[in-house]
Enquirer: 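Below: one structure in structure tokens.
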Amino acid sequence: MSPTGTTTRFAPSPTGELHLGNARTALFNWLLARRDGGRFLLRIEDTDAERSKPEFTQQLMEDLQWLGLPWDGEIVAQSQRGPVYREALDKLERAGRVYPCYCTPLEIEVSRKSQLTSGRPPRYVGTCRNLNDSERAAKLAEGRKPTLRFKVPDGGRVEFVDLVHGEQRFECNDIGDFIVQRADGSAAFFFSNVLDDALSGVTTVLRGEDHLSNTPRQLLIAMALELKAPTYGHLSLITSADGSPLSKRHGAKSLRQLREQGYLPKALVNHLFRLGHSSDLHDLLDLQKLAVGFNPAHLVRSPARFDPVQLEVWQRRAVHALSSDEALDWMRPHLPNTLDAASASAFAAALHQNLLLPSDAAYWVQVVFGELPEHDAEGMELINVAGPAFFEAAAAAIRTHGIDWKAVTTAIREQTGRKGPELFKPLRQALTGRRDGPELAPLLKIMTAARAIARLERLSSAAP
RNA sequence: GCUCCUUUCGUCUAGAGGCCCAGGACAUAGCCCUCUCAAGGCUGUAACACGGGUUCGAAUCCCGUAAGGAGCGCCA
């Protein structure tokens, strides 16, 4: 927690599942802290009692762990920090920087609507800004529960340098007095968020661009509290393929869904690393290397589209990088649970380079351990061209040489005179029902000679 | 409506006035390798949103337009 070191944080609200946008924000903050040898904090912004759910907090933690982004120190939950906020709010109240507002949500809503229809910005009009004591007493007597609003200075401007967008300037007159404490006494986002950042020594905040125009409010609060606000960097949003906001309607997947589908964390972080962040690094890298290569100066200002095809590229590379043991764990859910350990690992070793997702293993489980699916038209064509004699020779070869692939293919070649693709294509089709797939040698070994012979014999007798 | 952000190949991006008739990666096409697929190697197709300025010179600066996005919440 050295004052000179970088401290970043991820501050999600537990109101839903982590999605790609969130995950990228977490990743970038983590990377920055790691790169600088600093700290990465996790704070749960659960001040909205209505929508916050403990199970989401749990899920959040699991997702971060799974991605490989552990946080430093204790998790801070804002719901536990009422007294801290109370104290700071008192300070602002004594300094006359905030005032009680007795307007009801309904009144505010009506005001907003009428402003909007008359073409004006929907801002708080300041009804309660200059109430005297007796007016306040009267409002209170009506049974109104006040909120606390921050008194935005008349005139003046707020200037700051955004890490990715550069110099920013906002007029105070464009900002309405905003709520810092709700009627139920809880602290509102603008307030608790910046206060906690300052109090926990956060130096840099990388967050979504949707916060950019809210930043002046938070800076105003920090100034009133005489606290040092972090340096902000606003990340452009991730959009769908058509440029619209990433949403479930567009098939946006939560991290949990991606994980359940079998996407590897390494694939995800490598893809996210390059979304909205440019880098010369084009290889599949681990988090340590990504941290070294991360540079906030290379954060991109324009929105990035999420392209599932690019994710698949990283997934393929991540899958390729798996060891056989890791591959086995990865595809385990799709293997028959009756399988013995040796067969399972032989299967994983033979197959894993050919899969993108574990569910892709299903077909090959069927081929290796079960019945062969029907040959398709193109496959039948291939089989007919090869002719029954070919398969008879193949079956005979396996009968005498067993699963010794080299001996088997040599025998078939000598017997039929076929070689190269002429030899292997029909063989592959007959044995696997497909024209593509993993190497045949290990496949034969695990599918057993008996199964192979049966498949070949069927074609030698059934074909015309 | 007001304020703010954004706009380079299909996608992610490099580019901060001449080094750019725009570079890289992925995708895609072709070839090589190969029993197939994948991997690998080589080659190719492909972009500065539009319109005005400023300048000897603009993807880069200025002004408009268009398109997309965000904020203006007792949501975060």
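Order of the sequence lines fixes the chain letters, A, B, ..., with proteins taken first and strands second; residue numbering starts at 1 for each chain.
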Enquirer: Quick one: on RNA chain B, does A:His320 or A:Gly119 contact a more 5' nucleotide (nearest heavy atom)?
Expert: A:Gly119
Enquirer: Can a donor-acceptor pair be found between the side chains of A:Arg43 and A:Ser192 at a distance below 3.5 Å?
Expert: no
Enquirer: Work out how far the C1' atom of B:rG18 is from that of B:rC61, and round it to whole angstrom.
Expert: 14 Å
Enquirer: Does any nucleotide pair with B:rU3 by Watson-Crick or G-U wobble geometry, both distances under 3.5 Å, and what is it?
Expert: B:rA70
Enquirer: Should the ring pair A:Tyr85 and A:Phe191 be called parallel, tilted or perpendicular, given that the plane angle runs from 0 to 90° and is split at 30 and 60?
Expert: perpendicular
Enquirer: Using a cut-off of 4.0 Å between protein heavy atoms and nucleotide atoms, how would you tag nucleotides 23-30 of chain B 5' to 3' with B, S and -?
Expert: -SSBS---
Enquirer: Got a sec? Which of residues 345-363 of chain A come in under 4.0 Å of RNA chain B, heavy atoms?
Expert: A:Asn354
Enquirer: Checking ring pair (Phe, Tyr, Trp, His ring centres under 6.0 Å) for the pair A:Phe178/A:Tyr124: CA distance, chi angles, key distance, verdict?
Expert: CA-CA 7 Å; A:Phe178 53 92; A:Tyr124 181 60; over 10 Å; no
Enquirer: Look for any protein N or O under 3.5 Å of an N or O in nucleotides 45-47 of chain B and output each such pair with its distance, or none.
Expert:
none

Enquirer: Across all strands shown, which nucleotide pairs with B:rU55 by Watson-Crick or G-U wobble geometry, both distances under 3.5 Å?
Expert: none
Enquirer: In B/S/- notation, 5' to 3', how is nucleotides 65-75 of chain B contacted by protein heavy atoms closer than 4.0 Å?
Expert: ---SSSSBSBS
Enquirer: What does A:Gly276 touch in the nucleic acid at a heavy-atom separation under 4.0 angstrom: a base, only the sugar-phosphate, or nothing?
Expert: sugar-phosphate
Enquirer: Which pairs with one or both residues in residues 345-364 of chain A pass ring pair (Phe, Tyr, Trp, His ring centres under 6.0 Å), sequence neighbours excluded?
Expert: A:Phe347-A:Phe369
Enquirer: Looking at side-chain heavy atoms only, is the closest gap between A:Val164 and A:Tyr232 below 4.5 Å?
Expert: no
Enquirer: When both hydrogen-bonding distances must be under 3.5 Å and the geometry is Watson-Crick or G-U wobble, what is B:rG17 paired with, if anything?
Expert: none
Enquirer: For RNA chain B, find the residues of residues 163-172 of chain A with a heavy-atom distance under 4.0 Å and give them by number; none if there aren't any.
Expert: A:His165, A:Gln168, A:Phe170
Enquirer: Under 4.0 angstrom, heavy atoms only, what part of the nucleic acid is A:Arg435 near: base, sugar-phosphate, or nothing?
Expert: base
Enquirer: What is the ring orientation for A:Phe294 with A:Phe273, classed by angle as parallel under 30°, tilted 30 to 60°, or perpendicular over 60°?
Expert: tilted
Enquirer: Expressed in whole Å, how much space separates the C1' atoms belonging to B:rA59 and B:rA76?
Expert: 38 Å
Enquirer: Under a 4.0 Å threshold between the charged nitrogen and the carboxylate oxygen, would A:Lys266 count as salt-bridged to A:Glu326?
Expert: no
Enquirer: Please work out if A:Asp436 contacts a base, only the sugar-phosphate, or nothing of the nucleic acid, heavy-atom cut-off 4.0 Å.
Expert: base
Enquirer: For B:rA14, take OP1 and OP2 only and decide whether either is under 4.0 Å from a side-chain N or O of A:Ser278.
Expert: yes
